[in-house]
Amino acid sequence: MAFKSFVAFLSIALAAHAATTGRVKCPDGNVASHSACCPLFVLRDDLQNTVFSHQCGEDTHETVRLNDAIAFYPAIKLKGSGAPLAASGGADGSMLIFPDVEPNFQANLGISDSVELLMPLLRNHTQVSAGGLIQFAAAVAMRNCPGAPKLEFMAGRPNATAPAPDGLIPEPQDSVDKIFARMNDGGNFSPDEVVALLASHSIARSDHVDPSIEAVPFDSTPFTFDTQIFVEVLLKGTGFPGMPNNTGDALSPLPLGSGVNVGEMRLQSDFLIARDPRTACTWQGFVNEQEKMTNAFRDAMAKLAVIGQNPSQLVDCSEVILDPIPASMASRRRMYFRIQAPVCPRRRSVGHMAGAWGLPPRAPGCCSRPSRSIRQVSSLNIDRSRPRAPSAIVAPGKSVRLT
């Protein structure tokens with residue numbers, strides 16, 4: 001009798017503690033701050049085991065790109081000619097709800113691979129909406145890339161009711177003015193926030209800008225979320241990794257590959273934004289500033305993820321995302337080439353770099369006293385068989401550790 005009384009008392013005490021702390025026990029044994037977060041634990045493990053294999057590989061890259069949030073146009077009914085278009089819903093999963101529409105847009109070439117990867121999970125995890133799956137998958141995927149921040153995830157997005165219209169996604173051949181205007185109209189992003197979002201190019205590769213080559217990285221460490229993209233876009237271009245004169249690419253500083261491996265592609269939009277007087281200082285300011293870059297990217301992604309949604313009606317389930325892999329672990333695996341960016345004595349931001357760097361005149365407020373030098377290699381060798389190993393990226397003929 002005494003034992004039964006103790007068990008009853010313990011159950012009441014645990015229930016009272018849960019009510020006080022706001023924690024709930026999920027059916028699978030996990031504990032969450034809200035019941036809406038419970039289905040995400042199983043989904044997280046399913047994504048890692050069946051899609052990403054716990055690696056910062058091609059599927060991770062493509063899933064991060066699969067974000068239909070900026071295909072949002074709050075004033076779309078008021079612009080253009082002809083019949084008014086229905087306003088798109090931002091981060092609403094329309095890519096998955098209408099898989100035969102948006103993935104076929106020119107700006108979304110290659111997205112269909114990610115859509116096909118996620119469709120089975122959408123069918124199997126019915127408690128998560130399409131918009132929630134896209135955003136959650138991106139947050140889970142980013143965790144696999146050393147140096148990446150832990151992204152926020154808000155659950156509870158309703159499913160899309162219509163596909164987004166074509167022509168809303170910025171493309172690499174667009175002018176800087178057009179890109180900034182679209183990002184401001186679609187999500188009230190400032191030019192500096194656009195630069196922060198472009199940190200995603202640190203782990204990005206291209207399959208379609210140059211149709212003659214595939215899996216072309218935008219920097220020399222495509223499996224590590226680091227500031228290398230902000231260094232290498234500033235370097236002087238010398239050639240193209242594949243065919244020249246493609247729409248949307250510019251001269252690359254590291255165009256040569258080895259065997260089946262390709263060199264590095266530079267997007268025209270990255271090249272121009274890095275040199276635009278509105279964003280040159282912000283771009284340069286991310287070089288060698290890992291924490292600054294990751295914090296800015298995290299905040300901009302949080303803003304992107306709720307475009308078209310009412311955040312007050314969503315539930316913060318960021319706790320389900322595992323802690324990211326520290327950047328220090330990535331740095332121990334780097335073996336690409338020695339590169340030291342000029343650093344300001346006080347601000348530690350990149351200053352005016354001319355000559356071989358091919359930079360424009362110093363923008364107001366940028367540091368102007370570089371204190372280090374750079375040594376550039378002539379080609380890249382990226383071993384695709386080791387998707388998480390930046391050590392497979394080496395200078396021709398030898399491996400040189402970054403110091």
Side-chain angles (χ1 to χ4, degrees), residues 67 69-75 79 107 149 167-202 204 209 218-219 226-237 247-253 265-305 307 341-344 346-355 357-370:
N67 192 313
I70 202 58
F72 177 66
Y73 210 151
K79 295 189 178 184
L168 300 184
I169 305 295
E171 298 191 69
Q173 69 269 21
D174 291 342
S175 69
V176 175
D177 286 343
K178 182 177 181 180
I179 292 172
F180 287 168
R182 173 80 275 267
M183 295 298 288
N184 177 261
D185 182 60
N188 195 31
F189 287 99
S190 69
D192 288 344
E193 289 174 318
V194 173
V195 174
L197 288 172
L198 290 176
S200 63
H201 286 184
S202 173
V209 174
F218 297 147
D219 74 2
D226 58 14
T227 66
Q228 203 64 23
I229 182 72
F230 294 101
V231 175
E232 292 169 17
V233 170
L234 296 175
L235 300 179
K236 184 177 182 179
T247 301
D249 67 345
L251 284 170
S252 166
M265 176 178 287
R266 174 187 282 164
L267 295 180
Q268 178 182 316
S269 51
D270 286 356
F271 176 88
L272 294 175
I273 290 173
R275 289 157 175 78
D276 189 276
R278 290 165 289 186
T279 46
C281 279
T282 300
W283 190 284
Q284 295 173 23
F286 285 151
V287 175
N288 286 349
E289 294 287 351
Q290 181 75 18
E291 183 176 2
K292 178 181 179 182
M293 179 198 71
T294 55
N295 288 344
F297 176 75
R298 178 199 62 209
D299 294 345
M301 283 293 288
K303 184 174 179 178
L304 181 69
I307 288 179
V343 175
C344 289
R346 291 185 180 179
R347 293 176 54 203
R348 298 191 72 246
S349 61
V350 172
H352 173 48
M353 297 165 282
W357 288 64
L359 288 184
R362 176 173 62 91
C366 291
C367 168
S368 60
R369 298 196 304 172

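Since the structure is predicted, the reported quantities are computational estimates derived from the model, not experimental observations.
- Glu171 pairs by the salt bridge (Lys or Arg N to Asp or Glu O under 4.0 Å) definition with nothing, not counting sequence neighbours.
- The closest donor-acceptor contact from the side chain of Asn184 to the backbone of Phe180 lies at 3.5 Å or more, if one exists at all.
- Side chain of Glu193 to main chain of Ser190: a donor-acceptor pair is present (N/O by atom type, distance under 3.5 Å, no hydrogens or angles).
- Rounding to the nearest 0.5 Å gives a distance of 9.5 Å between CG of Leu304 and OG of Ser200.
- Note that CG of Asn288 is 5.0 Å distant from OG1 of Thr227, once rounded to the nearest 0.5 Å.
- Closest approach of Arg266 to Gly237, counting heavy atoms only: NH1-N, 3.6 Å.
- Across all their heavy atoms, Arg278 and Asp177 have their closest contact at NH2-OD1, 2.7 Å.
- Note: Leu197 CG to Met183 CE = 5.0 Å, rounded to the nearest 0.5 Å.
- A donor-acceptor contact shorter than 3.5 Å links the side chain of Thr279 to the backbone of Ile273.
- With hydrogens and angles disregarded, no donor-acceptor distance shorter than 3.5 Å links the side chain of Lys236 to the backbone of Leu251.
- In summary, the side chains of His201 and Asp270 do present a donor paired with an acceptor at a separation below 3.5 Å, with no hydrogens or angles considered.
- Among residues two or more places apart in sequence or in another chain, the ring-ring contact (aromatic ring centres under 6.0 Å, His included) test is passed with Phe230 by Trp283, Phe286.
- Closest approach of Ile179 and Pro170 over heavy atoms only: CG1-CB, 4.2 Å.
- Separating the OG atom in Ser269 from the CG atom in Leu198 is a distance of 7.0 Å, to the nearest 0.5 Å.
- Between the CD1 atom in Ile229 and the CE atom in Met293 there is a gap of 10.0 Å [rounded to 0.5 Å].
- Geometrically, Arg275 engages Phe271 in a cation-pi contact defined by less than 6.0 Å to the ring centre and at most 45° from the axis.
- Between Phe189 and Ala300, the shortest heavy-atom distance links the atoms CE2-O, 3.7 Å.
- Counting all heavy atoms, side chain and backbone alike, Asp219 lies closest to Ser202 at OD1-O, 3.3 Å.
- Put simply, CD on Gln290 and CG on Asn295 are 10.0 Å apart, with the number rounded to the nearest 0.5 Å.
- Taking each heavy atom of Asp174 and Ile169 in turn, the nearest pair found is OD2-O, 4.5 Å.
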